[in-house]
Amino acid sequence: GDSVTQMEGPVTLSEEAFLTINCTYTATGYPSLFWYVQYPGEGLQLLLKATKADDKGSNKGFEATYRKETTSFHLEKGSVQVSDSAVYFCALSGRGAQKLVFGQGTRLTINP
Amino acid sequence: GAVVSQHPSRVICKSGTSVKIECRSLDFQATTMFWYRQFPKKSLMLMATSNEGSKATYEQGVEKDKFLINHASLTLSTLTVTSAHPEDSSFYICSAEPGGDEQFFGPGTRLTVL
């Protein structure tokens, strides 16, 4: 079945550092890919998404590119802030399917 | 943006009792709602898909008689954990879909069964 694998956390960085959180997936067909963020005490929020190969999703300085050849959707940000501290989830949904399949989540802590 | 609430946010109950968790879409109508379970340091696992006015569709391995789901209106779905046991302790999260491909998530409910 479909699956998503994220890099193990937790990840701790200093403010203004470059961030990469790796995400790879296994799916039949051409899924849509998502990054969700969960701030402390809040529900998951959609951060960005991409629906086809080579699409780049971006939001709040975060970017991720749908790479079909490497089945990856790595999350990047050039300069992180303390307010980016949260848990980040990579997810996919199969074509025409409503269901989301999540990775295990990566806890990110940014120190001032 | 679309807001989804869950109630209660935290519940502690004795083994053998039943617990009801509510999921509400506050500013939109949701034809479909989803219930997830999240174990510590683990991913969210989909338990069931709930469509308004029809029976929920459960994922493989999820006991439908233990986790009762009711989606009686376009803004409310409930999950009842019947005869709860300590192994049911977990973080339960719902999401709602107004149409299209984006789900909006509730803040979650922490269930502790003693």
Side-chain angles (χ1 to χ4, degrees), chain A residues 1-11 21 23-27 29-52 55 57 59-60 66 86-109, chain B residues 1-10 21-27 30-52 54 56-62 71 77 91-110:
Chain A
D2 296 349
S3 67
V4 176
T5 302
Q6 285 180 240
M7 66 185 286
E8 289 275 344
V11 174
I21 301 177
C23 171
T24 57
Y25 66 90
T26 302
Y30 303 95
S32 294
L33 301 174
F34 306 83
W35 275 101
Y36 282 85
V37 58
Q38 185 177 30
Y39 298 104
E42 299 183 17
L44 274 73
Q45 302 172 25
L46 179 64
L47 180 60
L48 53 84
K49 69 178 182 182
T51 58
K52 61 182 188 295
D55 267 4
N59 186 24
K60 300 181 180 180
Y66 189 142
V87 181
Y88 292 81
F89 292 90
C90 185
L92 68 81
S93 68
R95 186 68 63 192
Q98 297 173 304
K99 297 191 292 187
L100 284 169
V101 176
F102 285 89
Q104 70 268 39
T106 302
R107 181 173 297 278
L108 173 67
T109 301
Chain B
V3 180
V4 175
S5 70
Q6 280 184 242
H7 178 80
S9 59
R10 188 181 297 265
I21 302 170
E22 292 185 347
C23 176
R24 293 181 186 273
S25 56
L26 298 185
D27 51 4
T31 53
T32 305
M33 290 184 170
F34 303 86
W35 286 96
Y36 296 84
R37 183 172 177 177
Q38 185 177 23
F39 295 94
K41 299 183 179 180
K42 299 276 189 181
S43 178
L44 281 76
M45 295 180 60
L46 180 65
M47 299 175 66
T49 302
S50 167
N51 290 295
E52 187 265 338
S54 63
T57 302
Y58 289 81
E59 295 299 301
Q60 192 172 9
V62 177
H71 193 160
S77 176
F91 197 57
Y92 292 89
I93 301 173
C94 73
S95 70
E97 185 179 278
D101 65 355
E102 184 168 353
Q103 295 180 28
F104 297 92
F105 287 80
T109 297
R110 170 82 55 199

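Chain identifiers are assigned alphabetically (A, B, ...) following the order of the sequence lines, protein sequences preceding nucleic acid strands; residue numbering begins at 1 within each chain. As the structure is a prediction and not an experimental result, all values here were calculated from the model.
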Between B/Ser95, B/Pro107, B/Ser9, B/Cys94, which residue shows the highest count of heavy-atom pairs closer than 4.5 Å to chain A?
B/Pro107

Would you please name every residue forming a side chain to side chain contact (heavy atoms under 4.5 Å, CB included) with A/Ala27, sequence neighbours left out?
A/Asp2, A/Tyr25, A/Pro31, A/Leu92

By side chain to side chain contact (heavy atoms under 4.5 Å, CB included), which residues pair with A/Thr5, not counting sequence neighbours?
A/Thr24

A/Gln38 versus chain B, the contacting section by heavy-atom distance below 4.5 Å
side chain

Considering residues, nucleotides and ligands other than A/Met7, do more than 12 of their heavy atoms fall under 6.0 Å from its CE?
yes

Around A/Glu42, counting heavy atoms of other residues, nucleotides and ligands shown, do more than 12 lie under 6.0 Å from its CD?
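Yes, enclosed.
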
If I take atom CD1 from residue B/Ile93 and atom CZ from residue A/Phe102, how far apart are they, to the nearest 0.5 angstrom?
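Interatomic distance, B/Ile93 CD1 to A/Phe102 CZ, rounded to 0.5 Å: 8.0 Å.
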
For chain B, find which of A/Val87, A/Val4, A/Leu46 contributes the most heavy-atom pairs closer than 4.5 angstrom.
A/Leu46

Testing the basics here: between [X] and [Y], what is the closest heavy-atom pair and its distance to 0.1 Å?
X	Y	answer
A/Gly103	B/Ser43	O-OG, 2.7 Å
B/Gln38	A/Phe89	NE2-CZ, 3.4 Å
A/Leu100	B/Tyr36	CB-OH, 3.7 Å

So what's closer than 4.5 Å to chain A heavy atoms on B/Leu46: side chain, backbone, both or neither?
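Interface part for B/Leu46: side chain.
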
Lys/Arg N to Asp/Glu carboxylate O, B/Glu59 vs A/Lys99, below 4.0 Å
yes

